Every structure is written in C-alpha cells, then in structure tokens.
Amino acid sequence: MSAGWRFVVSRARTQSAVLLAVLVVLVAGTTLLGTCALLLTTAQADALTAALADAAPGDVEVSTSLDVVGGDPATLVADATRVIDDTLAPLGSTTSTWLTSTMLSVPGSAAEPDRQGYLASAPDLADHARLTAGRWPRGRLSDGSWETAVPEFTAQQLGLGVGSRVELGGTPGQPAGPPVAGTPSAVSVVVVGTFAPTVADAAWSRDVLDGAGYAPSWEKPGTAGWVTLPTYGPFVVDPSELLGAPGGLAHLSLVARPDLTGATPATLGAVRASLATASRDLAAALSDRVSYPSVASELPRTLDTAASQQRVTRSGVLVLALMGAALVGAALGLAGMIVSGRRRGERELLIARGAGRTQEVAAAAGESLVLALVSAAVAAPLSVALYQGLTRVPLLAHAGITGHAAVTSRLVLSVLAGSLLLASVLVVPAIRSADRPARARSGLRGRAARSGADLLLLGLATVSYLQLRDHTSGQGGGVDPVLVAAPVLCLAAVSVIALRVVPWVARGAERYARRSRRLVVPLAAWEVARRPQSTVVGLLLVLGTAAATFGVSFDRTWSASQTDQADARVGTAFSVDLAPLPTLAQGAALADGTVLAGATGGAPAPVTHRAVGVGAWSDSSTTSGGTWLVGADTTRASTLLRGRLPAGQTWAGLTAGLAPSSPVPAVPIASDADGVQLTITGTASAGERPLRLVPTVIVQDEWGGRAPLVGPSVSLDGQSHLVTVPFPSSPRPIAAGLTVVGVDLRVTAEALVDPASRVLSTPLSVTAEIRGQGRQGPSDAAQWAVSLPTSSIPSVTDATVTAASENGVTTVTTEATLATYLLSASPAELMLTPFAAPQEVPVVVSEDLARATGSGPGTELGLTIGSATVRARVVATAPYVPSAVGHPAILADEDLLSRAVLTQLETATLTDVWWLGTDDVVAGTAERVRALGLGEPVSAAATADGLSSGPLRVGIRVALGLLVVAAVVLVVAGTVLHTVSSLEARSVEIARLLGIGIPRRAVVASIAVQHAAVNLLVVGAGAVAGGAVAIVVGPHLAVSETGQVPVPVPVPVMPWAAEAVLVAGLLVVLTAVVVPVAHLLVRRAGAAHLRLDGTS
Amino acid sequence: MSASVEVVSPMVSVRSVDRTYGTGRTAVHALRGISFDVAPGEMVALVGRSGSGKTTLLNVVGGLDRADAGTVRVGGTEVTSLDDAGLVSLRRDMVAFIFQTFGLVPILSAAENVGIPLRLRSLPVADRERRVRLLLDLVGLGEHADHRPDELSGGQQQRVAIARALAGSPRLLIADEPTGQLDSETGLAVMALIRAVVEAEGMTAIVSTHDPVMIGLADRAIRIVDGHLVEP
C-alpha cells in the first residue's frame, strides 16, 4: 500500500463518523438514480406489456380478408393461416377463421319473389352468439342435406324453425335452371338451431350483413350493384362442409390475436417488420387463387402510440431524475464542504510540510472513488428494493407494473456511473482549497465571477424556456432533450437567483436588532444578516424546497391537464361509442337509448360523431382524419358537454341558439305496440305494371335518438296495404316514448322499366295512415311537409302534402309526379315530415377549422353528411369541439341537424354515440353498460385515470413523488449536517457567550431563532422559486401523451393548501432538528472549549 | 476603652479547591488543594507556566467550571454551591471575563460587543448607547465603535473586550492571559489600562500572566505550579 493510500485509510478511520454521513448521502442519491433508471427501463418494459395486454382487441389483432377465386378451399385456408402465423411467429398467436359462401338463391315468396342468402362457417361462432333454439350444426344428415343454424331474425323473416328445410342454390334472381359456373350446386339445408348474435361483438363485422340477419336490398352477384335483392343469412354450417365444396367459398376472413404477454421490443420490432410485407407475402402465397388479399392491423399504430407515450414519460422521468441528481449534488457539495472544513488544520499542516496540490487532489479523488464504489455496491440492491417497494404502491400496482426487477449489469453500470458522477462533487472542495492561494481571488473578482455564472445560468434557462415554449415534440423513440433540459435549467437558475436575494432580505433584520433592548432575537438577527451563510447549504435548501414545491404543483397541473384532456377528448361525462360495432338489426339504436337509460338511471343523449365533408375544403393534414361533426343536444350543453374553455366562456353560452325553438310535433306510438302500423294506399304505374313503394318510418325514441325502420314493399295498385314495421328486439319494452318524425317513400319498379313503354312520367298519390296512440296525438297535421331530391334532374316533382289527425291516426297524403324513366337508375324518393326543412343549421366551429377555411361568425358552410348536403352557418368559434380534439370540427344541435338531414332524404341514423351528462353518471355505470353490450363505454373519469395513471404514464407521477420525498429528506439531512458542523465551528464562541453571562437557554433560543429565520428565508425563497417554475414552465411540460401541446392548453394549478402544508412542515421539521442539536452543543460548550481557545 | 478592629471580608476566598479532568491513569490533576484570598480592590497576578492550572483556577473562580472539592466564595457568595442559574447570575452581575483571544463576537461591531452585557439587563436603548460610548471612550476606541473585530488590531480588540467586561459593572474582573496574543508594548498598554480601570472602578481583579512586566503592575502575585499554589 502506498503512502498516499495509507494516509487516506488512516484519515478515514479517524474521521469515520463524518465519512459515514457522506456515504449515506451518496448511497441515498445513487439509490435515487438507480430507482429512476429502473423506472426508465424495467418499468417501461412492464408498462408496455401491461398496456398491450389492456389494449382493445382491434388495436392489436391482425385481420386478413380475401375473396376466393378458385382452388381447393381447405388448402387455401391452410396456406393463408400459415402466412399469418409466420408473420406473428415471434409472438405466437391464435387465429379465428370465418368462411362465407357465394350468394345462393333462397326460395321466394309473393312479396319477395327473388331473394338470396349465403352460407357461413366459423369454428368459434358459439363464442359470438347465443343459441335460442336447437343446437349448432355438426355436419350432414343422413340424406345428404347440411345442418344449419340461422339468426333468429332471419328465421322469423323466412318463417323458419328448427326442422325446417330450405333449398339453397343456383344463381339468385334467375329463373330455375342449372347453376352458373363458379357457384355451388343447389344445397339442401335443414335448420337445427337458431341463435341471437352477441350484441356489440365486433366479430360480426366479418359477417356479410354485420349480424343483422336481413337486408332489404343487397347487391345481386354479377350486376355490379345495379340490381339488389332482399338478402338473408348467414346459414351457419359446419366448416368441413363449406371447405369441402369446391367453388362454394367466396370470402375468407382470418383474425389473428398475437400473444403479447412475453413481448419484448425485439419481438415487437420483428412482428412490425413482418406486418409491413404481410399483404405481399399473402398474395405471393395464394397467387391466382384469390383476389383482393389484404392484411391489416392496428398493431403498428398501437406500438407507435405506445412508443410515443413512453418517450414522453421517459423524458418526464429523466427531468425529475436530473432534478434529484442536482439536489443530491448540492447535498454532497455540502458534505464535501463540511469534510473540507474539518480537514482545514490537517491541510495546512500538510502544506507546511511540503504537500502539493496534486497530492491533495489525488487523495480526495481516491477517497471519492472508494466511496463511489462502496456506494454503487450498496445502491444497486437498494434500488431494486426501493423499486419493488414502489411497485406495491397502489398507483403502480394498479397500472400493472410488476416488481420483477433484478440487479442486472445495466443497472450496475447505471448506478456506478451515477455514483462516480455524484462522488466527483466531493473532490471539488479539495480542488478549490488547493487552488485558492494560487488564484488569490479578491472579493470583488469573486462576486463578479459568481454574478457572471448566475447570468450565464439565467441566460441558458431563458433560452431553454423559450425553446420549450415553442416546442412540439417530434416522433421517435428517444428522449426529448428540450423537455429534459429546460425544466432543470430553469429550476436551477431561479433557485440560484432566489438564493442571491436572501441576504438582501436578511439585512432588514439588522434594523430591528439595533432598535431592540434585548439580546436573544437581536443576536439571531445579527447572525442571519451578517454571518456568511454557506452558499452550498443555502442552495441545497432553496433547490430542495423549490423541487418539492415544483413537484407538488406540477403534479396537480399535470393531473388537471390530464383531466382536461380527458374531458375534451371524451366530450362528455360518459360516452357509449356504437361506431366500432356492427348494426345487428335495423333500428337497433332505438333500443339502445332505452336500455342505456334503464341501466344508468340517467337521460342518455344521442350524438352524431363522424367525419364529414365541408364544401370544397379538404384537410391536407395527414393526421387529423378530416373534419368531424359533433351533433348533440345543446339545450343540455351545461351538463352534457365537457372540456375546459377559456375563462369567461361556457359551452352553454357558446351553443346558445343552435337548437330549434320547439320540439318536433311527432306522432306518438301506442306504448304496447310491437311495431309501427302503416296503411299505405297509392297509385302509380309504369306502363301496365304498378310501381312498388318501400316505406321507411323515421322513429324517434324518448331520448331523441332517431332511426329508420324499413318496411316491406307494397304495390301502388290503389289498394290499401296494412304494413307493420317491427321494432328491434330489446331486453326492455321500447315502444313507450317512441314517436314518428318522418315517413320516407321510395318508389321502385319491380323490374327494369321498359323504355319501349314510352311512359316518361306518371302521377303518384300515396296516403300513409300512421296509427299512433288512441288519443289525439300532438301532431299538427298542418305542419307536415314533403321534401324531394335536390338533384338537377329530379325523379319527383310537383309534390304537395296534406295531413289530418283523428283518434290517434295521422293521415298524410302526398301527390307528386314521377319521372318513370329515371327509375331504372335509382328509386324515386319523397320524405314526409311533421316539420319544415330547416333553412340552415347554425354551428360552432373549432378555431383550426375557422383558420383553415377562413370562416367566422356568419360564414356559410356546406356539410356533406351521407347523401345529404346541409347548409350550415357559423355562429361562433371555439378552441376545440368536445370529443373531436385534434380535428377540425363542427358542433351543431342534434335535433336540428337531424331535421336538416332527413329533409335531404338521408334516412340513416345520425346516432353514432350515446352520451350521458355529468348528472347521469353513477358508480358502476361503465360495468353495467359493458355487460349490456351496447357499445364501448368511455368515461371522462376513466380516460383521465388512464392518462394520468395508465401503465405508460404512471412513471411520471411516481418520479414526482420520489422527487418530493427525496427533496424533503435531503433538505432535512443537509440541515442536520450543516447545523452540527456550523455549531461545532462556533463552539468556542458559544462558550464565550456563556462566559460573559448569557444563559444557555438564551443562547439556544438565539440559535433556534437564527436558524428558523434563515430557514424561513431560504425555504420561502425556494417555495417562491419552485412555484414560479411550476407556474411558468409547468404548463409547457404537461404535454399530451404523444408529446404534443395538449388540448385544452394546460393552465398552472397551484395547490395552495398542499404547498402551505409542505412549506410549514419543512420549517417545523428543520427547526425541530436545529433545537435539539443546538441544545446539545450549547450544553457541551464550556470551560473545555475555552481551553481550546489557546489559553493555558 | 476597647479598640475595635475592622475585619474586611475578602472579595475572593478559595479554600482547598481540587479539580481533576478524566479518570484513572489518564486523569489530569489540574488543581490540588488550592487556597487563597483576594481582598476587595486588589489586583492579583496569577503566575504560572502553560498547563500549570491558571485557566482552570480562573474558570472555577468565575463559575465557568466546577471544583471537585473545596469552596470558592466571591463577594460572599459561595460559587461552588450555585446551580446553573446562580452561576449565570454570578457571571452576569458580579464577574467579568477577559480572554486571551479577546472573546469578541466576530459579526458584531465594537459598540455592539460592548452592549451585550447591557442587553442582558434590558437597559433602555438610549442608556445603553450612552454607556457604550462612555466605555469605548474610556478604552480609547470611541472612534472605532462601528468597527468589527477583524477591522481592529489585537490591542484594540482586547480594549473592546475590557470595555465589554466593564459594561456590566462587575465587582470581580478575571483576565486570562489578556496580553498573551499582543506584542509587549501593546500588552503593557492593555495591562496598564486594566490597572487603571481597576483602580478607577474600585474592582477586584485576578489576572493570569507569566510576563514579569505585567506582574509588576499587580498588587501582588500568586504562583501556581502543577496545580499547587506556591509562594512567589
């Protein structure tokens, strides 16, 4: 062992207590960094796994769709499955197969002479439907016919039951004869069961009719859509039958769900790469046996989103880790200064004996190296233990972050690097003390240097803040340097500036001391004002308090921003999104409102939420996804619409005037009815054959939702036809509250109109009797209006309407002229409504749409909604439209919007989403709605919780908590160290004070007052600094989950009560720490210390 | 006719005082059976080499330290039986110390240092400032009232310490090597000042020193060697 090491070891033995204190601080700091490293690595990996495990199936599944052209079906399915399995091979997957046959003719009836149906097969169909009678098909019967199961609604429409036999086959719509090439031979199926498709099951989107069981008009094969037929299905058969029928398979759908439980970034990357070429691989594998093969998956987008969130979270955690490192650095600087002070005499002796600067620094560096190594060895397992402890905190545990962490080489390297970095601070006092004589800086030069450093730091902080303010994150997987650097620099700069202000404030204490006749407080005041306070301890206290204050405030700002973002994103308190789900039966939305109201006890509101066209303007942005239209009941805006607006604005105020002045005078339906009863009487013909009319009743439910119910076609032969349009099936009676708000009349020809008939037009007369409740309905017959197509060559002209209402029967008669020659191209259509067509729809537009289109209050916009073009007029602009954040968007009143669309002959329901307002959401609402299978429930509260405490986001909050705790601990520890060292340094002086007759009690009191005052100043300065950074910088740090500026723009939140408790608690703890230390040291001060004063 | 004899009680009476630091083989016997008296108004020089026990004896007399055995009376008060509060009162009202290293509070000006004993008595501010000025003028530092210790020479600092000692109007002045850190000329001046003040104020003083010149200024000298009092 060299002399230098012997000296270091010997010195360490004699100064073991103080070195132990330094080691404790170093270990604490290194452990903090190690834990942050685990939060940045292990926790992020866990978070990704947890997030993917919680992801909706549609976000991770891989869907394959293809039309079959030829080849052996079984081989084709096997080949397609192999391609998908190979694509997902690194993860493993489970695959669901759905087979659909070509269209087959279904025996006709008098009303529907030509109709078609299809076979389908899916091994896992039982998971997506409920048997209502019989059993699932198993294969063939002994007579060679195939067993089949059909949807209950299909069975009702076709009059089938268990045991019914149906002959399917041939080309639909053609006279009986041999089957056309490429279609299967006729097949006889026997119904062995009926089933009800599971509501809200996305699997039914793979069905031709989305599980509806019936479509009044579906494309007839081979006619390119020019000819449509009533279509029924699926006739579910055993998979082996369909795969064994060459030419019978028309469509194959494969959905593979990857197993993400053990996913790693490497395997996910491999799958992502495979998915990019999957469509090509599939096409190559199946070659000319299929057409339109495609492989689609949201998994890459889901991974991109997750990566973006992780990037933002990593940046946030790194910010807080750096703040923690700065704090630990300050604490170690203090510890180093104390050690240096203890060694002043020793150093002077060594210098007197010829020791050089290099030797002194080398000894300090060697000692720091040993401390760093010891610290790293201890901190690595401690980091794992602390991390595992943190994962038991509900915040992390609920997010699915497991405590599976181990001392890995990466952790050891991280901890070692952090420990060495922190320990290097301990060398600084040695360098400074060795350097001081050489530099011989004057006080003036020192102050100038410090001021220059302060200004430099302030300048850097200002520049970084300006960058942060203008910053919007780019994409990528790394850490955002602007997000990381700016807050740390700002906090450090403001803390340093605040520290420089403290002495100026303290000097005010001198004036009090001079005027006082007593000693204790004036002595403390003099100490505060004149005793050179340690810059390092001051910096530690200011920085620590600032970090803690910042942490508390930023946590609230961040959380409030997540809540604001969730409110704006969901748009309301609770939303049930119907969009991703297939429509199982016509008018199903009518039942949804009633069921939803029954389940929640609230008043659901139907909402339109879809992309629309706006005049000739198109959004060139690749990310916004077009212009979104949100239609909601604006008369309930105050409770229905959510999302923070700028001060002084409310949604109720912004949307005032959007709603129509009075409700629709609709025709109420008898509460015990099972459908809408119409009596249609009409005359119209093309040539010798009477035309047919398909009535569509627009029904409105109690909550304002409107949906079309298509009735069977009737002949316009002058006879009265009683038609019952059935309500959709519902677990609850839905007739109560239903009203009729319109009747659409679609006139079709039974066959192509023969041009040779030379009949160009014909008069049309239709009378529709709507049987409502037994009493006189509220409908005012005089208000009924007729709307016609707006095309340049209208198929209907000269329409008039008359109406009368008596004994609950509303009779509406319309007279018009039909252009029969146009019937070959499309049906003629009229819409009868108990309201006039709105001239325009007043709307509120988002500011980005207003900017993009140059619109403002008064501007007219043309909105394309389905086949309708609605004239809208802008009455106001808003920063955003609820539920359409990130899109140019338009907000309108749902009722008026629906009226405008209906009078444009667009009958499709506008209800995309159901909303529940703030007053209607109670505990358990989401669970009940999910159990009912109405759609995907989304609540603002749950969304906010996911944004702030979701697996990919929770790291920030945990790191914030760690920062606050670490700051408090380091501030208290630093105060103890500093108090002990400073009072020990003053022990002789204290003994003198006692010697001149000052009571011990007074000396202790004076010290306590002095420290309390200093603490008050520095803690106060730190609180102001932290608060200022939280207010100025915090909102810019609270970026969205993708790193963008959130909507709405965050506002700083200062939790005054929490901050007051924090600051008061710190002051109390710090003072409580000082008093016993001062008491102990004052008691020790006495004659012995006076003897140290150099006397004999 | 009977003659009356006026018996003057000593200001300081020390009887059989022992003081030992530590125990066992490492025990240091600082004072062993010390006994002596100091008459009121008398200035006594306590002479001895470094480590002889001078400071320990002064601390015991002034109530900064406690004797293991024996009694000490100051102005009729038995110091050795006083509790902590009594000792504080003793130091505040009866005894004043002057230390070798001056004992000034470094962050206070000369005037503020001198004012400390007066603040202990909660003297009105005006009275305090007047007395401080008087005392600083007395020690010749009236123009240095606002200077801090590090702005004064050693002699000046010790004169401030003397003024502070006098501020509380003590009956006993204890000076522990008051010239130990001063050059001989300054030391002589300080010693002369102490001598003058003691005479002017009628105080009793015990001054430890090993400087023969300083000893000459005292009324008498007592010598201490290894904790024992010996005749000079």
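In this text, all values refer to a predicted model and were calculated from it rather than measured experimentally. Reminder, nothing fancy here: chain letters follow the sequence lines and each chain counts from 1.
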Proximal component of B/D84, with respect to chain A [non-hydrogen, under 4.5 Å] | side chain
Which atoms of B/R121 approach chain A - backbone, side chain, both or neither, heavy atom under 4.5 Å = neither
What part of B/P117 is in contact with chain A, defined as an atom under 4.5 angstrom from a non-hydrogen atom: side chain, backbone, both or neither?
-> neither
Answer whether the closest heavy-atom distance between the side chains of B/L123 and A/R517 falls below 4.5 Å.
-> no
Which distance, rounded to the nearest 0.5 Å, do you find between the CG of B/L104 and the CD of A/E989?
-> 10.0 Å
Answer with side chain, backbone, both or neither: which region of B/R148 has an atom nearer than 4.5 Å to a non-hydrogen atom of chain A?
-> side chain
Indicate yes or no: at least one non-hydrogen side-chain atom of B/L120 is less than 4.5 angstrom from one of A/P999.
-> yes
Under 3.5 Å, is there a donor-acceptor pair linking the side chains of B/S122 and A/R518?
-> yes
Would you mind reporting whether A/P522 and B/E112 have side-chain heavy atoms less than 4.5 Å apart?
-> no
Where does A/R515 contact chain B at under 4.5 Å (heavy atoms): side chain, backbone, both or neither?
-> backbone
Closest heavy-atom pair, A/R514 versus B/R119, reported as atoms and distance to 0.1 Å, is O-NH2, 4.0 Å
What residue, out of B/A85, B/S89, B/P106, has the most heavy-atom pairs lying under 4.5 Å from chain A?
-> B/P106
Check against side-chain contact (heavy atoms from CB on, under 4.5 Å), A/L994 and B/V88 = CA-CA 8 Å; A/L994 296 173; B/V88 168; over 6 Å; no
